[in-house]
Protein chains: 2
Amino acid sequence: MTAAGSAASAGERRSVTDPARLHEAALRLFAQHGTSGTSLQMIADELGVTKAALYYRYKTKDELVLGVVRPFLEELLRVLEAAAARRGRRAQVEAVLTGLVDVVVRGRGLYVVLVSDPTVAHLLGEHPLLRRAGDELVALLAGPDPDAAARVTVSLFLTGLVGPLHDPACADVDDEELRSTLLALGRRLLLPHRAPHR
Amino acid sequence: MTAAGSAASAGERRSVTDPARLHEAALRLFAQHGTSGTSLQMIADELGVTKAALYYRYKTKDELVLGVVRPFLEELLRVLEAAAARRGRRAQVEAVLTGLVDVVVRGRGLYVVLVSDPTVAHLLGEHPLLRRAGDELVALLAGPDPDAAARVTVSLFLTGLVGPLHDPACADVDDEELRSTLLALGRRLLLPHRAPHR
DNA sequence: GTCTATAATGCGATAGAC
DNA sequence: GTCTATCGCATTATAGAC
């Protein structure tokens, strides 16, 4: 919906006014260097503007980071809402999985920043409204009153999703195959299974 | 072996000369704020010394980061060596899994820094000697000529290992249970399995 | 809405006393 | 082996011209 199409037409000089351009550039740098390792200067250079121009849109660097991450979180919350409306745990898990994998694969770098950047984690921890996303996600996938193993499993899966997104060994995997593989892995980990031979 | 025991006796003023103390403090900060988000000042404060004192041990910040990560990588390489000496893919995977999970659980924060800090990733990419660890690890777990699904699976598992280590939802899980759960998940993901009902 | 210019602070790193 | 002091530079952030 809010795809990259609007800004993809050409190398035209669009200005920072278009938030999509800023988000796209900042995100790429955040994913590559982390938010702490990315200066406003780097973002400004990438956009062909000056640092000061960025301060017209965002009062602080923290707000910029949140601004980049927020749309992704909101998309995730919509997935969770839709999933929570389903009846039956199995249907809920399935809905979360498909929605989550889709958002994550489309988002690529965004999810990396979201789960593995300490600064972002800290910022989200301070905004309880945004924090809900993570908590609800875990609750839906782990089910009610999850034991230790279930919690570890969910945590491993959610964290692990980022791996294939930027692993050079998986660079040749196209989005469709990545989606279906991650989905299969999610089902294998999160849906009831036969216990392994012991 | 080089456990935390040597420096754990009391709050005694040990000085930076003892590398274990420096590594411990730096690691905690790296895991919490990322390497870019951790200044030498923060490390020095944590140790009760000045920035300048750190420069006696390490010429640059990069060298300090590598110094903290290296012992962990070497431990990992020993695990890989031992595993590679086994006969049969199944035994190799099993050996890598048990060794890896043990090192990761004991290392805790170290693995977080290793897999999710962009600066560390970049530094390791420049030292081909250290880079071997990651490559060999993937090769051993994914097997010869792995298809896309196998590569995605290995990547998800290796990245996912960090999740439960610092997820608050898993904070109550003790090391032993964590180890056995991660091991079970690894087997489930990386050893041949019956295809799911489709 | 973007610029130049600059303030204020913190950074990594060095020099030299002890 | 650790200190104080400092250099040079990058950083976040602001003020004011256009």
Side-chain angles (χ1 to χ4, degrees), chain A residues 6-7 11-69 113 117-120 122-123 126, chain B residues 6-7 11-70 113 117-123 126:
Chain A
S6 64
E12 68 196 81
R13 197 70 150 44
R14 267 285 196 127
S15 95
V16 183
T17 310
D18 180 3
R21 242 176 69 81
L22 200 170
H23 287 180
E24 199 183 339
L27 173 60
R28 183 175 37 238
L29 290 166
F30 288 163
Q32 192 169 3
H33 306 102
T35 57
S36 292
T38 303
S39 69
L40 296 179
Q41 186 66 65
M42 293 163 80
I43 301 173
D45 288 350
E46 189 88 357
L47 292 170
V49 299
T50 64
K51 274 187 302 180
L54 299 177
Y55 279 98
Y56 176 78
R57 307 284 307 174
Y58 295 102
K59 271 195 275 294
T60 68
K61 187 187 178 183
D62 282 355
E63 284 189 27
L64 192 157
V65 171
L66 279 177
V68 170
V69 170
V113 174
D117 190 294
T119 303
V120 172
H122 187 254
L123 286 176
E126 285 182 341
Chain B
S6 64
E12 68 196 84
R13 196 70 150 44
R14 266 286 198 124
S15 95
V16 183
T17 309
D18 180 2
R21 243 176 69 80
L22 200 170
H23 287 180
E24 200 183 338
L27 172 61
R28 184 174 37 239
L29 290 166
F30 289 163
Q32 191 168 5
H33 306 103
T35 57
S36 291
T38 303
S39 67
L40 296 180
Q41 186 66 67
M42 292 164 79
I43 300 174
D45 289 351
E46 189 87 354
L47 292 171
V49 299
T50 63
K51 270 189 305 179
L54 300 177
Y55 279 97
Y56 176 79
R57 305 285 305 173
Y58 294 103
K59 272 194 276 292
T60 67
K61 187 186 179 185
D62 283 354
E63 285 189 26
L64 193 156
V65 171
L66 278 177
V68 170
V69 171
R70 183 177 283 122
V113 174
D117 190 295
T119 304
V120 173
H122 187 254
L123 285 176
E126 285 182 341

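Throughout, protein chains are lettered first and strands after them, A, B, ... in sequence-line order, and every chain is numbered starting at 1.
Considering only side-chain atoms of Ala52(A), the nucleotide from dA5(C), dA13(D), dC11(C) that sits closest is dA5(C). Of the candidate nucleotides dG12(C), dT11(D), dA15(C), dG12(C) has the atom lying nearest to any side-chain atom of Ser39(B). The Ala53(A) side chain lies nearest to dT2(C) when the options are dT2(C), dA13(D), dG12(C).
Annotation: side chain of Val68(B) is in contact with side chain of Phe30(B) (closest heavy-atom distance under 4.5 Å). Here the side chains of Val113(A) and Val65(A) are not in contact, with every heavy-atom distance at 4.5 Å or above. The side-chain heavy atoms of Leu64(B) and Ile43(B), taken from C-beta on, include a pair separated by under 4.5 Å.
The interatomic distance linking Asp45(A) (CG) with dC3(C) (C1') rounds to 15 Å, in whole Å. In this structure, CD of Gln41(A) is placed 19 Å from P of dC11(C), rounded to the nearest angstrom. Atom P of nucleotide dT11(D) and atom CE of Met42(A) are separated by 8 Å, given to the nearest angstrom. When the C1' atom of dC3(C) is taken as reference, atom OH of Tyr55(A) falls 16 Å away, rounded to whole Å. The distance between atom NZ of Lys61(B) and atom P of dG10(C), rounded to the nearest whole Å, is 16 Å. Nucleotide dA13(C) holds its C1' atom 12 Å from the CD atom of Glu63(B), rounded to whole Å. The NE2 atom of His33(B) sits 16 Å away from the C1' atom of dC11(C) (whole-angstrom rounding). One interatomic measurement links the two molecules: CZ of Arg57(B) to C1' of dG1(D), which rounds to 10 Å at whole-angstrom precision.
Both Leu40(B) and Tyr56(A) lie near DNA chain C, and the one whose nearest nucleotide falls closer to the 5' end is Tyr56(A).
Residue Thr50(B) is classed as a base contact, given a heavy-atom separation below 4.0 Å to a base.
A donor-acceptor contact shorter than 3.5 Å links the side chain of Arg21(B) to the backbone of Leu47(B).
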